[in-house]
Student: 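Would you mind keeping the following structure in view while I ask a few things?
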Amino acid sequence: MCWRIWNLARKKKQLEGEEVQRNAKRHLERERGRREATADMSEDLSEGEKGDFPGDGSAHGDSVQGRMRRIVSVDLMENLANQIKEKKLYILSSCSLHGLLRGENMELGRDSDTGGQVKYVVELARALGTMPGVYRVDLLTRQVSAPDVDWSYAEPTEMLTPRTTESSMQELGESSGAYIIRIPFGPKDKYIPKELLWPHIPEFVDCALSHIRQMSKVLGEQIGGGQPVWPVAIHGHYADAGDSAALLSGALNVPMLFTGHSLGRDKLEQILKQGRQSRDEINTTYKIMRRIEAEELSLDSSEIVITSTRQEIEEQWRLYDGFDPVLERKLRARIKRDVNCHGRFMPRMVVIPPGMEFHHIVPHEGDMDGDTERNEEDPTPDPPIWSEVMRFFTNPHKPMILTLARPDPKKNITTLVKAFGECRPLRELANLTLIMGNRDNIDEMSGTNATVLLSILKLIDKYDLYGQVAYPKHHKQYEVPDIYGLAAKTKGVFINPAFIEPFGLTLIEAAAYGLPIVATKNGGPVDIHKVLDNGVLVDPHDQQSIADALLKLVSDKQLWARCRQNGLKNIHQFSWPEHCKTYLSRIAMCKARQPQWQRSNVGFEYPEPNSPGDSLRDIQDLSLNLKLSLDGEKNEGTGTFDNSLDSIDRKSNLENAFLKLSNGIIGGTEKASLMEKAEQNVSGSRFPVLRSKKYIFVIAVDCDSVSDIPKIIKTIMDVAGKENSIGLILSTSLSISEVHSLLISGSISPLDFDALICNSGGDLYYPSTSSEDGTGLPFTVDLDYQSHIEYRWGGEGLRKTLVRWATSVNEKKGQIISEDESRSTVHCYTFDVKEPELIPPVKELRKLMRIQALRCNVIYCQNGTILNVIPVLASRAQALRYSGRSCAFSFLSSYFIDHVSDNSLGIVVFAGECGDTDYEGLLRGVHKTVILKGIGNTALKLHSNRTYPLDHVLPFDSPNIHHAEGCSNEEIRSSLRKLQVSKE
């Protein structure tokens, strides 16, 4: 035993030492990144102070009119609220993808995935659905049809009934209100915890896109005058839903909001402090690194991050690479002075405390003895849960100390029981009630929950607390108010002793029922206590301070009455109407973004303030790229993009049009006319052809050698045959001129393809329908896609940072990386890598960019010999989801969902066994995937130093993925037959 204790202590000390080193390294990286970003921005400070940058004043907006406005006064708030009342907004929210989500009788505490955030998000959607100006709110979650969960979780749609009749004041419609929409994805007939859902999130995104498209059409018929009504914002709750919201926001080009609720980095640090598990063990159990990356991605994509408390911003979000409070303040100061931020962006952190419905709450007066006398005259029986709780007590009339939390180690219930058990005066004055979720059999509970519950039972036995502690096995969600009421009747106290509490909704609920509170001083309770002033804050690690605070409140009746009165007096500040009013005003501050093919008239009129919204690249950003053609090739040599155009005049017109659009120098009417012409030019003949296809074959094979690509393309084309029922898309890291040369060398006609995704998703092209010079078939760039991915693109500021990074790497390791201007394009900066084994892993470069507030996707390609850096909204996977009017394969994934029943259209992605560092995105989603054996294995080294293992995110057990035994014609046909794509 002594050896075991010594070994555990040694292990804990070792883990603490490693964490100290990591924190020190992270601090140095943060300081260095902050200095470099400040140095970049200080170059034009004197000019900016003179106001010389009216068109480029922020990293957060394309123009002053496009920024997210700061709410600067109560009058402005009221003005926005009045404007919203005149709208008919569609708001989308994705939350709790595990699926145990319903409007009534929520199973809170059923497991670790059904905490208080579930109730918060449901009630938020319900409250928003009743607000004037909001027509519809959709809350998306997973559809679960499994024998071990209730049948209600399998219902596709559930309307959230308003709690009040106030909603009748607004105009109602056939589809108005708030709804839970359950999306089928992941393993069928099986409920799985959120940690196992990561491989299936793209499938959820594809299915959600189909729902949004259909609902937008329905709403368009009802309130849009026949034009689709798209969501005004997408709100992701928790890390997994944040990840999906980022993909949905990127695909639809609408603003994203994010609420983390419980953050992965904070949880990781808390577990490491316990010294029981190493970082690798934690990652294996909780998939914590994938969760953290999802939260970083949410920071990259969100316009607003909503937090419950200031503490969450200052102590939790600052742990992330993508958010630095110091740099954020610097950016905000530059914005106020209208100074260029060189493509840097920080999302706006906004504190909006959760709300609560109070209209139905009647605080109990009197005590248990008084109630006994009144009960003789009033025949109304006590709620059944009261007898279920009081049966545990020898003297049920004593004040009740109440806590509601699942038996999770971080909820710190064991310390509460110890404090109660070791304080005799407290035991003599009060009873303790522990509402710890629902259970049938401890052996059937999850490991950590069962361990905590057994520890509590042992402590009850150790201190002989029988008759003084209640721990009922079951309770219904609708009985929770009665439990609060019982505690209030006994003049009791509510306690939340968690080690750290992101917000503490139960504290607000308890205050509404007239209960004083004792709460942890770590997290949201600090802000709640400032408003309510109805209790005591304690150190959750200090057992004695917990006991003293409880004893003080239950023994001092005057203090108890004062805390109760303060809580009841101030509780209105946490009402849902107040929360929703602030929430909607923040949405109104976002830059209005909609899908490129449809601009809904949801704009808001407001004065010009000083606050961030969207990213803005430099005015000078495109000056360098003016020298380059759209694919980056200079006007020399053969096989260039110049030679693939119909004519030099046509090329120049497209180039100039695109550059004008990017610089925003075309007026509204002229720009609209130009976009209409571009639309006709790009998609006029190809779009209807592709829509008639039965299958779309996407060739996304990253070969060990580029010269092997034509052979694979020919094989897949041979499988597709000459029929018009199959469309072809090439998805590659190569530039368009490299693709053109490769196709010509393999005697493949570019016209055989319907679209080409180039530069790792940084560019989208279509073959032209005519050729005039006989040197090769021309390509046409998708201007809508270029505009779509422009969001938060760092431009020249990003390029300078990348060049500086490459220089620092070369100084340490020799000349191993250099900028490749010939391959670089407007939305893809390319670097040649001579020694891939010496280059820092992609996660390090991604971290560096985020630390400097630069938002982008970093991809190592072609076995690490090429580095492509593209916009955060661009990727090969997202290009397939891109939905623009000029995009020839508009809503491919949605088409697949719509037609899956009759198998009239399917998408098949062909990939190797491994590939570029964006490989994982190609395999996930509703499409079918054929993995060609023996192709791309050399690229495995690119994935050896990842933030998280590939097996945490790839659904290799999915029925939509099949491994072909090779890349021959017959082997591919066999895979297609097994995927039910072909019956031949």
Student: Is it the case that Q117 and Y238 place a side-chain donor and acceptor less than 3.5 Å from each other?
Tutor: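 No - no donor-acceptor pair under 3.5 Å links their side chains.
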Student: Side chains of S176 and R136: do they bring a donor and an acceptor to under 3.5 Å?
Tutor: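 Note: S176 and R136 side chains miss the donor-acceptor criterion.
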Student: Is E509 paired with K119 through a side-chain N to carboxylate O contact shorter than 4.0 Å?
Tutor: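 Answer for the salt bridge query: yes.
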Student: Among side-chain atoms of Q316 and E312, is any donor-acceptor pair under 3.5 angstrom?
Tutor: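 Note: Q316 and E312 side chains miss the donor-acceptor criterion.
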Student: For N431 and Q468, does a side-chain donor sit closer than 3.5 Å to a side-chain acceptor?
Tutor: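 Their side chains do not contain a donor-acceptor pair, so the 3.5 Å distance test is not met.
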Student: Quick one: are the ring centres of F503 and H261 less than 6.0 Å apart?
Tutor: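 So the answer is no for these two rings.
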Student: Closest approach of I517 and A510, non-hydrogen atoms and distance?
Tutor: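 What the structure gives for the nearest pair is CG2-CB, 4.5 Å.
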Student: In the structure I gave you, are the side-chain heavy atoms of I306 and R586 within less than 4.5 Å of one another anywhere?
Tutor: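 I306 vs R586: side chains apart.
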Student: Just checking, any donor-acceptor pair under 3.5 angstrom between side chains of Q543 and E422?
Tutor: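 E422 and Q543 do have a side-chain donor-acceptor pair below 3.5 Å.
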Student: Using the six-membered ring wherever Trp is involved, compare the ring planes of Y583 and H579 and label them parallel, tilted or perpendicular (cut-offs 30° and 60°).
Tutor: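 Aromatic pair Y583/H579 classed parallel.
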Student: Mark yes or no for whether D113, through its side chain, and K194, through its backbone, hold a donor-acceptor pair below 3.5 Å.
Tutor: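 Looks like yes, one N/O pair under 3.5 Å.
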Student: Closer than 4.0 angstrom, basic N to acidic O: yes or no for D240 and R291?
Tutor: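 Answer for the salt bridge query: no.
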Student: State plainly whether the residues E158 and R182 are in salt-bridge range, i.e. N to O under 4.0 Å.
Tutor: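 Judged by the 4.0 Å cut-off on N to carboxylate O distance, E158 and R182 do form a salt bridge.
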Student: Between T415 and N412, do the side chains contain an N or O donor and an N or O acceptor separated by less than 3.5 Å?
Tutor: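 Yes, a side-chain donor-acceptor pair sits under 3.5 Å.
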Student: Decide whether Q477 and E107 meet the rule of one side-chain donor and one side-chain acceptor closer than 3.5 Å.
Tutor: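 Per modelled atom types, Q477 and E107 side chains form no pair under 3.5 Å.
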Student: Could you tell me whether R318 sits above the aromatic face of F323, with NZ or CZ closer than 6.0 angstrom to the six-membered ring centre and within 45 degrees of the axis?
Tutor: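 Because its charged atom misses either the 6.0 Å distance or the 45° angle limit, R318 does not stack over F323.
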Student: I need the minimum non-hydrogen distance between P516 and R564, along with the two atoms involved.
Tutor: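 So the two residues come closest at CG-N, 4.2 Å.
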Student: Assess the residue pair Y484 and E479 against the criterion (side chain to side chain donor-acceptor pair (under 3.5 Å)); give the C-alpha distance rounded to whole Å, side-chain angles, the decisive distance to 0.1 Å, and a yes or no.
Tutor: CA-CA 9 Å; Y484 286 125; E479 293 176 319; over 6 Å; no
Student: Taking NZ, NE, NH1 and NH2 as the nitrogens, is one of them in E104 or R126 under 4.0 Å from a carboxylate oxygen of the other?
Tutor: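 Salt bridge flag = yes for R126 with E104.
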Student: For T520 versus L537, what's the shortest heavy-atom pair and its separation?
Tutor: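 Scanning both residues, the minimum pair turns out to be O-CD2, 3.9 Å.
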Student: Does the side chain of Y179 reach to within under 4.5 Å of the side chain of L139, using non-hydrogen atoms?
Tutor: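 No - every pair of side-chain heavy atoms lies 4.5 Å or more apart.
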Student: Less than 4.0 angstrom from a charged side-chain N to a carboxylate O is my criterion; do K398 and E428 meet it?
Tutor: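 Looking at K398 and E428, the cut-off is not met.
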Student: Find out whether L453 and M445 are in side-chain contact, i.e. whether some heavy atom of one side chain is under 4.5 Å from a heavy atom of the other.
Tutor: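 The answer is yes, as the side chains (C-beta and beyond) meet within the 4.5 Å cut-off.
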Student: Indicate, with yes or no, if the rings of H235 and F258 have centres closer together than 6.0 Å.
Tutor: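 Between F258 and H235, which both carry aromatic rings, the centre distance is not below 6.0 Å.
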Student: For the aromatic rings, using the six-membered ring if either is Trp, is the centroid distance between F392 and Y471 under 6.0 Å?
Tutor: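 F392 vs Y471: aromatic centres under 6.0 Å.
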Student: I'd like to check T506 versus N496 (side-chain heavy atoms, cut-off strictly below 4.5 Å). Are they in contact?
Tutor: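 Yes; the side chains approach each other to less than 4.5 Å.
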